[in-house]
Amino acid sequence: MLRTWRQRITITDIVVWTIGFAIAVMVVYGSAKTLALGKYTTETWIDLSITGLALGGVYALIALGYTLVYGILRMINFAHSEVFMSGPFTAAFAAEALVKQGLWNTYPVLSLLIVLTVSAGVSAIIAILVERIAYRPLRHAPRLVPLITAIGASFFLQYTFRGLYGSGLKGYPEMEIFKGFWIIAGIRVFKTQAAAIIGAVVLMLILYAIVQKTKMGKAMRSVSEDKEVAALMGIDVDRTIATTFALGGVAAGLAGILYLLLFPVAHFYMGFFPGLKAFTAAVLGGIGNVPGAFLGAMVLGLLESVGPSLFLDGLGIPAAYQMKDAIAFTILVFILIFRPSGILGERLTQAKA
Amino acid sequence: MFKRTFALLSILVVASMILAACGSTPAYECTDPLGCVDVAPGEPIHLAYAMVISGPDETLGIDSRTGVEVAIALKGQVLGHDVSLTGEDDGCSAEGGQAAGTKLAADPTIVAVFGTSCSSAARVAVPLLSQAGFVIVSASNTAPDLTRPGDPNQHPGYLRTAHNDEIQGAAAARFAFEKMGVKKAATIHDGSLYAESLQAVFAKTFQELGGEITTQEAVDPNATDFKSVLTSIAAGGPEFIYLPIFVKAGSLITRQAKEVPGLENTYLMGADGMFSPDVVEGAGDAVEGLFVSSPDLAAFSADYQTVFLPKYKELSGVDSPISIFHAHAFDAANMVFAAIEKVAVQDEDGTLHIPRQALRDAMYATKDFPGLTGSLTCTPTGDCADPKIAVYEYHVGEYPPERIWP
Amino acid sequence: MQSQNTSLWKPAIQSGLIAGGVAVLLSLVGMVATFNQRFIISGVFSMGQVIFLAPMLLMSYFFLRKTMALSSQKIVLYGLLIGVMGGLVLVLLVLLGTNFNLQAMFINSSSKLYDILTFNQPLAPGLMILLALSAVMGVLASGSFLIPPRISAAVIQGITWVLLVGLLRDLIITVTSRWGPLAGPVKSLFAVSGLKPLGAIFLFALISGLYYWRNGKPVSPAQKPTQTKDRSLLFWAKWAGLIILLLLLPPILGIFFSDILDTVFMYILMGIGLNIVVGFAGLLDLGYVAFFAIGAYTMGVLTSPELNADPMTYWQALPFAMIACVVAGLILGLPVLKMRGDYLAIVTLGFGEIVRLLALSDWLRPWFGGSQGIQLIAQPVIGNMVLNTQQELYYLFLLGVGIVAFIAWRLRDSRMGRTWMAIREDEDVAIAMGINHVAYKLMAFATGALFSGIAGTIFAAKLQSVYPHSMNFLVSINVLCLIIIGGMGSIPGVFVGSLVLMGSPELLREFAEYRYLVYGALLVVMMLTRPEGLWPDARRKLELHEEELEAEAHVLAEAETSAMKSAK
Amino acid sequence: MAILVAKGVTKRFGGLNALSKIDLEVNEKAIYSIIGPNGAGKTTFFNCVTGFYTPEEGVISLEGQNITGLSPDRVTHLGVSRTYQNIRLFKNMTAVENILVGMHPHLKANLVGSIIRDRRTVQEEKESVEEAKRLLQFVGLRGKGDLMAMNLPYGAQRRLEIARALASRPKLLLLDEPTAGMNPSETQEMVHFIRRLRDELEITILLIEHQMRVVMSISEKITVLDFGEKIAEGTPVEIQNNPQVIEAYLGRGAASGLGQVQPVA
């Protein structure tokens, strides 16, 4: 019996389990010590969690675009972070113009609509252009080729916008209606945070409904299953894919405005890091899966916000927040070891590749 | 393909020899130990920069470069010669500094180099440029070792108009402890050499004065959400937070700190990295009461607003400077012009001879030079920044901030 | 390919508008104004002008090339049309820009730009010149289809060389200044910026003349050596020549070019390593910089007196650094190798970030120096000579690249390479063939890690310092891009890719602001037109042209069946 | 003497029983067939034997050794080799390289040997290339060794896949529909070829096949699966007369069924 066990458990398994176990022990031990130290009050933990959820909301909004494209094309759209940057960066100029005209706070809803339209429109146009120029001709190429064009397109867009709008920071004006906070069940929630979380939920539901319920969604799903068969069934594959990109672009543009509400500074580099995080979130939740992207983003946001204090403070590690990305990635590895296709799995299409 | 190229090249080279023209020999005899730069009539004086002009840190270098360009534009000509500015990207990294330094060092027409942007690049680039006999003036290196006498990273010919972290960090600590009377402080840095060393000096001085440092945190300069780290800092109950970081993260932290329970009444203080109109825009209402240390701008003359900024705007196309060391760069350029005017020898036909060692000596001898960033006097190892540090307080919608200390 | 009958006016107008759009974009991102400081021919025309006029020329050229077999009249007309349309778009920009304040949004929409676009003339005549020149560009392109190919090829060569030489003026002068008697004559061709007009004419005449003459020469039949012995002798002679040339490069080119070569070689070292991981074994690794960092930091920690009371020498520390990299490769490899492609990509990316953050962290500062990095790292000593200049370190890089390329080549053509390829092709089947895929993937990972680590150690020695900021995500992306640009799985491709992607931007460092813009555009264009890379592996080339080959296979199959039938 | 014994093998996917309690015994040097309608669990059974799936219940043993749940590469090392229903060659490798990969289990060249190319490695490589060429000749692909696998015609790809499977010197060869997509004359050739494999190389053959003509003509014993359950076992004659089998095929209303279940042998 022992012999068969030895044959069935490989060194790989042992190492993987050891690493997993070590991470788990560190996490549990660190958390226990932190809690025992009592440096933070319950309110602090709640505040940290709310912050994390709001951040997760922003990640979720970007991650949805990644996941949509991935679900259909099985391709990491690296340029999505630039799609995300282009809309809001442009919209910041529109906002500035509105402020100068004195419309910003007198007609906040109208202003917001204008800004959202500009942002979503520009992002969608960029997304469609990227698809048309950089991806469509490569649809049958090996997997790495479109990945490289994606990276290339990302660089190109980043530095094009840097050239157009300059490399400085562009402030995004505050809006009176988003100032201040609400007290919900004794917990202080800032209006901007609430907007980010609610926005993420709403957008996720809309996208989910589009993918699951509409005719377009059905076409998208069948394209993601098998492009050739979908084409035989009379689905215009090119149009479906372009629509998906446009949808992802609109989502990114809207996300960008919510992002600027929370962090009101636009610049040409603003897409890169949130994009990377959102991509991580999408993988964490199960890439290609719309609710998965949302869940993954929330988990990631919480990890980044609560993780360093909870896991590292107890271990006496200085400047714990410097390690927040390291924690996020470590937990990502940890989760992927035990759930190799993300928390919710790849549900939009069954894993095949 | 290669063969063809090579054949073409060699024929080109041989043919060019036939075209060779004889040059005339100048009458001036150079006795300078480092040699001289000769500028023929009608040719420009060649200055260069090694600053970060691409990648995430590029605003720092582009801003300083514009400062130099403003100085050149306002100056017009030096001794009847135009001034040309070429340059290299230092990448804000050691490897970028090496590449930029190597390339510049290979060009003997260069008189002086402005740069580098970052201290990590300086440590590698400065020895190369120093060896080439140039004058090197940095507007934004703040690492103490670069001008510490006897330090392996201190090299002849290197000067800076940015102030040494040791002066500024210590001044901030004294301000916090003595003026504001706080006993518990926290610090935040962003992993850059500049911020890390400033906060270390601050923490050391503050503790020596008798204060307590509750937390020394670090953030990612490209991150946007700092609430969690601030919440964590708040748990230590500091009365004062020192954040010697740059505008982008700094203004977001300023804004977010006001929303973190426990930090509503905590003083925040930045360093000259946050002395920028962008802070007023980026931090919104939260900017009220934010302290920032900077060289004493009593001399930050009216010229800054009336002469410098309009030209800056014209040259760069942006409304307000994109980073913080443009004035230092402007001063650096003017110091170089003054030194050239002092030491250069001019032939009758207008040919200019600039002895390199003499130029260096003239730079080190700079005394009470009226600059935008104060009255500049250089130490023998090249620290030229006005050592008088003042503290300013921001008010909503106002720039520059109000000077409150000393 | 359009037929001659359908009207081409619409696509021609479209092409013209696209060309104009590109020119406008190039103007607004600031390239025109920046490059305008650089003259190609002193006082005559600048690089900036080339940049906003070239789109018309190129678009017209490619448009006409695509629509072959037109009458010469039509060729000129279409060329003219494209040029005029492009020019009109630019004119529109100038009119907009001079009448409205676009600068509030587009910072480069300055009066300087419009002065350049109108050739420093008053508005109306300036616009006329702009339009006329654009039209001329379009017609110039059509000219290349009308005159005999031998002449047009020679003219194109001449123009290209004038552009290149004018742009690289500083570098050429710097290098040739080392070549004694040649320095003067070469310098006399150039002005303060760019070529002298006479120099340009001379250069153009020389190059195109030479080219014309060369093309006219009949290919001598005796060029191919018939005997195998001769051929192998030629083969070895070529190699020996190449090696001697490589050895002589630093003294010939001087320190600046040696520095560029060092960078290129460093990336070749990493590229060969990553090529084993991605190209041979098909594992997408986006965190390759991690191993580079581990190599560099191990070297730093062991040899710097800052962190170490008893510092080692470079050679003593090297084995430890190598072991550290292999171990790191194994530790990362084990948990992640069971993951599928994209998960592998993101996890490796995360690993790269974790390593950087650990190096940066205040927590590990006593060991790794935190953001202050590590300084005073030892440089290799051979005998009594310390390798400390970039020229001397070049030889170390050369040695490293030589060894590593040899190993990679041997591995590719062995059982290992075959096994990796099988895993890349179809992992399940490979396993069914008795291949322990985890072990082989690990070997690929560890080998790749080792090569990258070696590059890291030399990097640390070259700079005598390491900083966490050098270990960013861009390094991984650069390495990945260069092996794909060069040709995946191809060893010579790594060399070519590194020269193109790492070498050429270094030559134009002063335009670094636009480095990534051009880099991005280059990646996209490259993948669209030549996805197999510049120097592809024979196999990969086949893979990417599968469709053509499938047709071929079909023909083969038919031939075979008929052959079988006849045999029966 | 049984080479492969399966006892109570059960494999579930979600709630579905892909295989339930399959018992099976394959004698040495036999040609044994598994038949059944689509989705009956034939390929699943192959995957269980080769180690790609681990059955939830039951034991599979090879020459008396328990191989249940061993990793696929280990199973191959123990002497099991297979082909695929939809040919899965390494398309971008040459025919010889495909076979060389198949020889993996008994090659010894390692990392260091591959780099320095010591005499043993060179020798081994030379011998294995020769053996690969012999195998190519054996399957009738002489002289095609340097062609890319994907450039070979369909029939040749089938034969190359078998050659690759043979390269690991298996004791037990699993063939998954080797005649799929072949015309009658090609099929006939394949039947001869399979017999030759057994007779000349003394390999036990376990076969999945749809064409009844083939199954009945070469099998010594047949197991019939339906919905993951074994519904019959026996010699071709027994199977042809088994009412359950006829019903399984007819009950599905497959017009194709009856015509093919004609005795041919």
Side-chain angles (χ1 to χ4, degrees), chain B residues 4 7-8 11-23 42-44 53-56 58 62 84 86-89 91-95 97-100 102-103 105-108 118 120 123-124 143 152-153 189-193 195-197 216-218 220 314-319, chain C residues 37 103-104 106-110 161 165 170-171 173-174 176-177 179 181-182 184-186 188-189 192-193 199 202-203 206-207 210-211 214 254-256 258-260 263 360-362 370-373 375-376 390 459 462-470 474 506 509-510 512-516:
Chain B
R4 195 190 314 151
L8 283 179
I11 290 173
L12 164 75
V13 164
V14 172
S16 324
M17 283 175 75
I18 305 159
L19 267 190
C22 306
E43 276 191 14
I53 52 173
S54 71
E58 61 166 30
I62 290 178
S84 79
T86 62
E88 298 292 322
D89 182 15
C92 199
S93 62
E95 64 272 25
Q98 189 172 47
T102 310
K103 184 168 178 194
D107 187 345
C118 301
S120 53
R123 288 178 187 152
V124 185
N153 286 323
H189 72 86
D190 63 358
S192 65
L193 284 166
E196 207 278 337
S197 104
Q216 282 176 289
E217 260 296 351
D220 177 353
E314 184 195 323
L315 288 180
S316 67
V318 293
D319 282 340
Chain C
Q37 291 157 5
Q103 203 168 14
F106 301 108
I107 58 159
N108 286 305
S109 160
S110 59
W161 275 88
V165 172
D170 296 354
L171 293 170
I173 289 188
T174 310
T176 51
S177 70
W179 295 355
L182 284 182
V186 171
S188 66
L189 286 173
V192 179
S193 175
F202 168 73
L203 187 67
L206 182 77
I207 300 282
L210 265 176
Y211 201 80
R214 230 189 88 86
I255 187 165
F256 172 61
S258 303
D259 188 62
I260 294 180
T263 308
L360 180 66
S361 70
D362 289 3
S371 53
Q372 302 293 331
Q375 295 184 61
L376 305 175
Q390 284 105 311
F459 174 80
K462 177 175 169 242
L463 292 171
Q464 288 185 278
S465 54
V466 282
Y467 296 92
H469 305 279
S470 307
L474 272 182
E506 290 292 319
R509 247 190 123 73
E510 64 215 274
E513 286 166 77
Y514 301 103
R515 174 184 186 158
Y516 287 109

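Within every chain, numbering begins at 1; the chains are lettered A, B, ... in the order of the sequence lines, protein sequences first and strands thereafter.
- Nearest heavy-atom pair, Pro468(C) versus Gly373(C), reported as atom, atom and distance to 0.1 Å: CD-CA, 4.3 Å.
- A pairwise comparison of heavy atoms in Pro185(C) and Leu182(C) identifies CD-O, 3.2 Å as the closest pair.
- Taking chain C as the reference chain and counting heavy-atom pairs below 4.5 Å, the highest number among Ala106(B), Ala99(B), Ala105(B), Gly97(B) is found for Ala99(B).
- For chain C, the option among Ser192(B), Ala218(B), Ser93(B) with the highest count of heavy-atom pairs below 4.5 Å is Ser192(B).
- Nearest approach of Leu360(C) to Gly191(B), heavy atoms of both residues: CD1-O, 3.6 Å.
- Both the backbone and the side chain of Ile255(C) come within less than 4.5 Å of a heavy atom in chain B.
- Proximity to chain C is absent for every atom of Pro108(B), based on heavy atoms less than 4.5 angstrom apart.
- A 4.5 Å side-chain heavy-atom check between Thr102(B) and Gln98(B) finds at least one atom pair inside the cut-off.
- Proximity to chain B is limited to the side chain of Gln390(C), based on heavy atoms less than 4.5 angstrom apart.
- Contacts of Tyr514(C) with chain B are absent, with no heavy-atom separation under 4.5 Å from either backbone or side chain.
- If you measure heavy-atom distances from Gln464(C) to chain B, you find no contacts under 4.5 Å at all.
- Taking all atoms of both residues into account, the shortest heavy-atom contact from Tyr467(C) to Arg123(B) is OH-NH1, 3.0 Å.
- Among the candidates Glu95(B), Glu58(B), His189(B), Glu314(B), the residue making the largest number of heavy-atom pairs closer than 4.5 Å to chain C is Glu95(B).
- Between chain B and the options Gln372(C), His469(C), Gln103(C), Lys462(C), heavy-atom pairs under 4.5 Å are most frequent for Gln372(C).
- There is no contact between Ile260(C) and chain B, counting heavy-atom distances below 4.5 Å.
- Heavy-atom distances place no part of Ser110(C) under 4.5 Å from chain B, backbone and side chain included.
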